[in-house]
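Everything numeric in this text was worked out from a predicted model, so none of it was measured. In this chain, residues are counted from 1 in sequence order. Counting starts at 1 for both ligands and their atoms, following the listed order.
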Amino acid sequence: MVSMILFFAFSLSLSACYFEPSADDQDTSGDGPRDYFTDQGFGNPLGYIQQPSAEFYNGVTYIAFQGPHEDAYVCAYDHEEERWTGPVKAGLSLMGKTPDPVDNDQVDNHGRPALVVDGGGYIHLVFGGHGGYGSLGKNLYGRPGKGKQTHVVSKRPEDITEWEVLDNISPFGTYDQIVKMDNGDIYLFYRHGSHKSDWVYQLSRDNGRTFEPEVPVLDCKMLADSNTHTAWYAQFTKGPGNTIMGIYVYHACAGIGHSTLRENVYYMQMNCADGTWENASGEKLTVPVTKEHADLKTRILDSGGVLCNPGICRYDQQGNPHILYRYNKKQYWYTRWLDGQWKTPVKVTQSSISGQFGDMIVQSPDEIDVLISGNIDGGGGEVCWWNSRNAGLTWTRGSCIMSSQTVRYCVSTLNRNYHPDAMFGLFEKDPASPHLYRKIFMWGAGGFVKRVD
Ligand code: ZN
């Protein structure tokens, strides 16, 4: 991994003027080349559990983000022309408020867009859901929530200027994750409602024009105590060949005495040829996987009641999964499947940072690079690489991309099919800002993908 050291001191100067963009407004803030490509991100504009935000396709990197009123916006970067276009409003979120709140707690943020470019070059976004309002109908796989899971597509291939809604997925979704297979099949994974809901996928074999009905894969049901539902937080990514990998954590969702605890770490993989699921050792699973089945067959860590959150799963050239997960809020831990077993988890981050999100590049079975954005206790944040060159046994803090004593940062997951010059997006959160509009940056091996006009 060639990661440049781009350590910059933030001036904290803010653009004086923020405006309400209309559908085809261009980003006109600032003059001359700048590191960010838009300052119209809103709230927490890029997801990590809503993923991916961006994809490189035919010479262009397309990126979607949550903009004003929580609507879905898109920008595009033409690598040959070295030119950004957008932002363009691609779709409306029912969860947006007018005027835009200035308190982030009033922004839902669950409906941040996931993006995919289909085999014909059309760009799709799925966004806007936090379980779906009850008025949208009966939720067969869980409980309703807020918003409406919405699918929009560009009217023309490789053109972000105009969009239309495709009413062909369930409205009851949140945490949208899109997996595109080598044959062009598109799998849309999401939680089918609020906490007390199954995780499902819908498959499209025709470039997103139609989707097959929901298939539940993680089961939410009431336990024998008549108070607790089995709930999950999951992250699905493309695996080797024609497979999909899923990591997840468990949430005991209690009616009385509800807590936000998520615990344990689980892994399973899907064979897309026949839709069957198995654990890492190849034992077939019964889906939707129940809590009992998961504990027996797919659990790779019993956290003993300590908070865990899913990070991400990637794989090496030998097809073995490598897993990154958050443990006890302040740490990222790593494990991998090797020689028929999950290796003893290793702590990646040694510094005292929290609120971390990240991704992982498995360069080879021995060389792994982890990208983490973290908050420094009592202050700002940083975006740094953490590297292992001995198959994940030990980790060192590598180069830092951004760091500040006051401003915090959040990275997206890696762009799908990323171009080395545009690998992932990140946004900044400046506590001194009087509003929730965020600058969003794209980073690659050459540093920030600058915007000139
Ligand atoms: Zn709950």
Would Y266 and N279 count as having a side-chain donor-acceptor pair, cut-off 3.5 Å?
no
With the Zn ion (ligand 1) at the center, what angle do SG from C253 and NE2 from H251 span, rounded to 10 degrees?
120°
Does K291 make a cation-pi contact with Y250 (under 6.0 Å, within 45 degrees of the axis)?
yes
I'd like to know whether the aromatic ring centres of H151 and F211 sit less than 6.0 Å apart in this structure.
yes
Do any of the N/O/S atoms of H229, backbone or side chain, fall under 2.8 Å from the Zn ion (ligand 1)?
no
Taking the six-membered ring of Y122 (Phe, Tyr or Trp), confirm whether the NZ or CZ of R209 is under 6.0 Å from its centre and within 45° of its axis.
yes
Would you mind naming the N, O or S atom of H195 nearest to the Zn ion (ligand 1)?
ND1
